[in-house]
Colleague: 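Provided herewith is a single structure, encoded as structure tokens, for subsequent inquiry.
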Amino acid sequence: MRIFQHVTDIGDLSVALAEAQEVKRDRYQWQHLGRNKTALLIFFNNSLRTRLSTQKAAMNLGMNVIVLDVNQGAWKLETERGVIMDGDKSEHLLEAIPVMASYCDVIGVRSFARFESRADDYEEKILRQFIEYSGRPVFFMESATVHPLQAFADLITIAENRPTPNPSRKGGEWLHAANERSEALPLTGERGEGLIKVVMTWAPHPKALPQAVPNSFAEWMLAAAKQLSPQRGERGEGPAIDFVITHPEGYELDPQFVKGARVEYDQMKAFEGADFVYAKNWSCPGVTRPEDYGKVLHDYHTMMDWCVSKRQMAVTNDAAFLHCLPVRRNMIVTDDVIESPRSLVIPEAANREISAQVVLKRILENL
Ligand code: AN0
Ligand code: CP
């Protein structure tokens with residue numbers, strides 16, 4: 001692997017899930033792979049999980065790690081060509097990229113959507129330049145449009161915690177792997193488990209947030225639904241996924257990520273029978289309302305019904321709750337739901353180390 005951006009970059013998902021399980025079994029077994037190899041992690045935006053989990057994953061593989069916060073201590077970078085650089089930016093990305101690349105073997109970049117131009121964001125103007133001018137493998141640590149390390153960790157978490165029919169109870173009853181079994185189920189390989197329903201819901205937030213997380217989650221769920229479904233897929237492994245997206249009108253996501261997903265505008269209807277609820281806020285993707293790209297469409301005070309609470313969770317199939325974090329409590333989700341035994345936000349965050357390690361391992365194997 002030289003680029004990690006889309007779900008297709010990781011190849012067969014049942015193989016990737018099996019590899020994640022192998023990493024969990026002993027995460028230090030590939031220390032030789034990273035010996036004398038350096039990962040450079042570049043952050044244009046804040047991070048807690050991505051920074052720590054990716055650094056930890058690289059160290060598990062025996063790598064050296066350099067972390068750069070571009071906005072704290074580095075020269076301010078110009079990203080446009082042709083600009084007369086008489087402002088506050090002292091260095092151009094076109095020099096900075098090859099210089100940074102000369103000190104490392106692998107580059108991870110976090111650069112969020114800027115909401116200045118939809119075309120620039122959706123063409124991945126910044127990450128494209130890293131790919132073109134670094135000559136190094138580049139993995140996306142949340143770009144303008146995708147957050148694949150998060151979506152991969154989400155898929156691992158869903159696979160590990162998927163409900164399975166409980167043979168000791170009457171039909172229709174489910175058993176949640178993590179809560180009711182003494183040891184975790186294998187991630188793949190169990191057949192005939194029936195359909196699980198995964199609902200991704202928009203939730204209110206006071207600020208305009210990117211679409212990267214919901215874009216990637218949708219992309220990975222739809223790929224998983226195709227590849228892992230025992231009913232619909234060819235491989236007959238892993239959970240069969242019924243994926244539903246719910247959001248207020250105007251928040252329609254880009255078809256390149258959500259084509260084939262069911263959209264249900266009635267949140268309560270969408271939640272009915274859900275096994276997993278994935279909450280996230282995103283700003284207007286500019287699909288049905290191009291003029292509103294990157295905007296919060298309504299005063300959040302009028303949208304508080306969308307905050308995930310007991311009311312919505314009551315109509316689910318005792319659903320597990322997921323969120324990529326950081327989360328604003330009582331905006332996105334109520335205290336009681338995020339603190340409930342069905343909340344998986346902490347194991348989900350812990351799986352970020354695992355997804356990052358599978359990705360870095362694949363890159364190292366191909367250096
Ligand atoms: C970012 C976002 O919504 O994309 C990062 C999430 C992983 N969240 C915030 O900026 C709060
Ligand atoms: N989920 C996630 O990417 O968190 P950070 O923004 O803290 O890295």
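Counting begins at 1 with the first residue of the sequence.
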Colleague: Using a 4.5 Å cut-off on heavy atoms from C-beta on, say whether the side chain of Ser340 contacts that of Phe321.
Modeller: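 No; the side chains remain at least 4.5 Å from each other.
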Colleague: Using 4.0 Å as the upper bound for N to carboxylate O, is an ion pair formed by Lys197 and Asp242?
Modeller: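 A salt bridge is absent here (no side-chain N lies under 4.0 Å from a carboxylate O).
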Colleague: Using a strict 4.0 Å threshold on nitrogen-to-oxygen distance, state whether Glu19 and Arg362 make a salt bridge.
Modeller: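 Looking at Arg362 together with Glu19, the answer is yes, because their closest N to O distance falls below 4.0 Å.
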Colleague: Is the closest basic N to carboxylate O distance between Glu80 and Lys125 below 4.0 Å?
Modeller: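 Answer for the salt bridge query: yes.
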Colleague: More than 12 heavy atoms of other residues, nucleotides or ligands under 6.0 Å from CG of Asn71: is that the case?
Modeller: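 Result for CG/Asn71: enclosed.
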Colleague: If you look only at pairs with a residue in residues 82-129, which of them pass as a ring pair (Phe, Tyr, Trp, His ring centres under 6.0 Å), with sequence neighbours excluded?
Modeller: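 Qualifying pairs: Phe115-Tyr293.
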Colleague: With a 4.0 Å cut-off on N to O distance, would you call Arg27 and Glu353 a salt bridge?
Modeller: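 Salt bridge between Arg27 and Glu353, a charged N being under 4.0 Å from a carboxylate O: yes.
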Colleague: Under 3.5 Å, is there a donor-acceptor pair between the Asn215 and Thr145 side chains?
Modeller: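 No donor-acceptor contact under 3.5 Å links the two side chains.
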Colleague: Would one find more than 12 heavy atoms of other residues, nucleotides or ligands at under 6.0 Å from atom CZ of Arg329?
Modeller: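 Correct, the count exceeds 12.
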Colleague: Using distance only, find each side-chain donor-acceptor pair of residues 216-225 under 3.5 Å and give its atom names and separation, not counting sequence neighbours.
Modeller:
from   : atom 1 : to     : atom 2 : distance (Å)
Ser216 : OG     : His147 : N      : 2.8
Glu219 : OE1    : Val7   : N      : 3.3
Glu219 : OE2    : His6   : ND1    : 2.8

Colleague: Salt bridge check: are Lys361 and Glu365 linked by an N-O gap of less than 4.0 Å?
Modeller: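 A salt bridge links Lys361 with Glu365.
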Colleague: Scan for ring pair (Phe, Tyr, Trp, His ring centres under 6.0 Å) pairs involving residues 39-87, sequence neighbours excluded, and state none if there are none.
Modeller: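 The answer is none; no pair qualifies.
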Colleague: Show every donor-acceptor pair shorter than 3.5 Å between a side-chain atom in residues 296-309 and any protein atom, with sequence neighbours excluded, or say none if there are none.
Modeller:
from   : atom 1 : to     : atom 2 : distance (Å)
Asp299 : OD1    : His301 : N      : 3.0
Asp299 : OD1    : His301 : ND1    : 2.8
Thr302 : OG1    : Asp299 : O      : 2.7
Ser309 : OG     : Arg311 : N      : 3.3
Ser309 : OG     : Gln312 : OE1    : 2.8

Colleague: Residues two or more places apart in sequence or in another chain: which of them pass salt bridge (Lys or Arg N to Asp or Glu O under 4.0 Å) with Asp254?
Modeller: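 Partners of Asp254 under the salt bridge (Lys or Arg N to Asp or Glu O under 4.0 Å) test: Arg118.
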Colleague: Are Arg51 and Asp69 within salt-bridge range, i.e. N to O under 4.0 Å?
Modeller: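 Salt bridge present between Arg51 and Asp69.
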Colleague: Taking only residues two or more places apart in sequence, or in another chain, which ones meet Glu249 in a side-chain hydrogen bond (donor to acceptor under 3.5 Å, both in side chains)?
Modeller: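 None.
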